[in-house]
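Right, one structure below, let's go through it.
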Amino acid sequence: MPQKVTVTVIKADVGGYVGHSSVHPRLIDKARETLDKRGSNLLIDSYVATVGDDINLIMTHRNGVDCPAIHELAWDTFLACTAVAKELKLYGAGQDLLSDAFSGNVKGMGPGVAEMEFVERQAEPIIVFMADKTEPGAWNYPLYKMFADPFTTIGLVIDPKMHSGFKFEVHDLIGHKKVVFGCPEEVYDMLVFIGAPGRYCIKSVYSKTLGEICATSTTQRLNLMAGRYIGKDDPSMIVRCQSGMPAVGEALEAFANPHLVAGWMRGSNNGPLMPVAMEDATPTRFDGPPRAVALGFQLCNGNLVGPRDMFADKSFDKARQIANDIAQYIRGLGPFEPGRLPLDEMEYTTLPDVMKRLADRFEDVD
Ligand code: 13P
Ligand code: 13P
Ligand code: MG
Ligand code: MG
């Protein structure tokens with residue numbers, strides 16, 4: 001049996017600098033230092049990335065998914081970063097860590113997790129996509145475009161290894177159920193669900209021809225777990241590319257037409273997901289607009305050769321311009337939907353209080 005490699009991305013917001021706009025350099029140093037020191041016997045390689053105020057720990061190892069030691073390493077890294085965030089009095093220090101005690105797996109404890117295990121191919125290009133100021137369902141549209149839309153991915157039409165399509169595992173984050181759709185034959189059924197990204201999220205995608213995992217995403221919803229507002233979930237995902245999977249350029253192409261996602265200011269507004277270079281992943285206008293970054297790596301015996309900052313390319317200037325135009329327009333709507341999210345999707349609201357105060361002023365309509 002060929003040896004397998006596991007790529008694990010665990011992410012959290014443990015304190016913003018300034019406000020919710022970015023991560024303080026001392027937290028990045030602390031994360032690197034902790035992974036290097038504590039992970040030396042556990043990890044093959046690691047890379048610490050940030051998008052807005054979120055820290056993503058990108059790790060490779062041989063321990064498979066859901067490995068308690070790897071999850072504990074990530075948890076302890078975030079605790080160490082939280083201590084620095086508290087020392088600097090950063091905004092929302094420790095905001096995503098919902099518990100004080102680690103229990104074997106970070107799932108359900110606040111941090112987002114995306115991980116996959118596979119046999120490394122002759123060449124193994126992967127892209128780690130990371131977003132800030134939005135929710136896990138934000139990946140539905142680009143994942144659909146990468147793996148099911150022939151207008152984005154010409155490989156679906158002309159690559160014999162892609163032509164029979166892909167399987168999508170979709171999670172219902174509210175009903176706690178999952179379902180697998182085979183595409184293209186079930187595309188219309190699947191779109192009924194994934195077109196509602198606040199509830200249904202694509203967790204993973206598998207190649208029918210290769211029988212292999214191609215993509216996986218973080219799908220936790222912090223507010224559903226905590227029962228209160230603690231920021232948006234700011235999801236990440238790993239996409240394997242080439243040789244029967246979308247080409248690197250096909251995976252990136254899915255971001256060329258910025259789509260609207262829920263999040264932005266106070267997690268309660270719609271905004272365009274802007275693909276940006278790492279240095280521009282600092283959402284400021286109205287705490288946004290929401291950002292996506294893409295780090296490309298070639299895996300080499302589990303080592304992360306890279307990263308390349310894939311959205312730094314000039315060919316995404318137009319997408320950024322469109323995102324800024326959409327942002328300008330939708331901000332003009334102010335507190336009106338669809339600028340503001342519908343009442344039941346806002347991360348926090350004054351509605352119950354205002355309703356209570358005005359309760360006896362409401363009269364029956366004849
Ligand atoms: P404040 O209550 O600190 O103004 O927070 C607003 C906000 O940024 C929500 O995360
Ligand atoms: P984060 O989820 O990135 O912490 O942002 C929260 C927020 O309220 C921004 O306005
Ligand atoms: Mg934050
Ligand atoms: Mg964030």
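Counting starts at 1 for both ligands and their atoms, in listed order. Just so it is clear, the values below take in all heavy atoms, side chains as well, and ignore hydrogens, waters and symmetry mates. If you're wondering where the values come from, they're calculated on a predicted model, not measured in any experiment. Along the sequence shown, residues carry numbers from 1.
Nearest residue to atom 1 (P) of ligand 2 from D234, D96, D233 is D234 (criterion: closest heavy atom).
With ligand atoms numbered from 1 in the order given, ligand 2 contributes 1 (P), 3 (O), 5 (O), 9 (C) to contacts under 4.0 Å with heavy atoms of K133. Each of the atoms 9 (C), 10 (O) of ligand 2 lies under 4.0 Å from some heavy atom of W264. Of all atoms in ligand 2, numbered sequentially from 1 with element shown, those under 4.0 Å from a heavy atom of D13 are 4 (O). Those atoms of ligand 2 that come under 4.0 Å of a heavy atom in M265, given as number and element, are 10 (O).
S236 and N56 are linked by a side-chain donor-acceptor pair at a separation below 3.5 angstrom, with hydrogens and angles left out of the test. Side-chain atoms of H61 and E115 form no donor-acceptor pair, as typed in the model, at a separation below 3.5 Å. Checked by atom type, the side-chain pair T216/S204 shows a donor-acceptor distance below 3.5 Å. Counting only N and O atoms by type, the side chains of T209 and S164 include a donor and acceptor under 3.5 Å apart. Side-chain atoms of N324 and Q328 form no donor-acceptor pair, as typed in the model, at a separation below 3.5 Å. Checking H20 against D287 by side-chain atom types alone, no donor-acceptor pair falls below 3.5 Å.
The N, O or S atom of D132 with the smallest distance to the Mg ion (ligand 4) is OD1.
The stretch residues 154-175 participates, sequence neighbours left out, in these ring-ring contact (aromatic ring centres under 6.0 Å, His included) pairs: F147-F166. The ring-ring contact (aromatic ring centres under 6.0 Å, His included) pairs that include a residue from residues 286-310 are Y47-F297, W264-F286, where partners are two or more places apart or lie in different chains. Residue pairs meeting the ring-ring contact (aromatic ring centres under 6.0 Å, His included) criterion with at least one partner in residues 236-260, sequence neighbours excluded, are F129-F255, Y141-H259, F255-F311.
Protein N/O/S atoms found under 2.8 Å from the Mg ion (ligand 3): D13 OD2, H20 ND1, D53 OD2.
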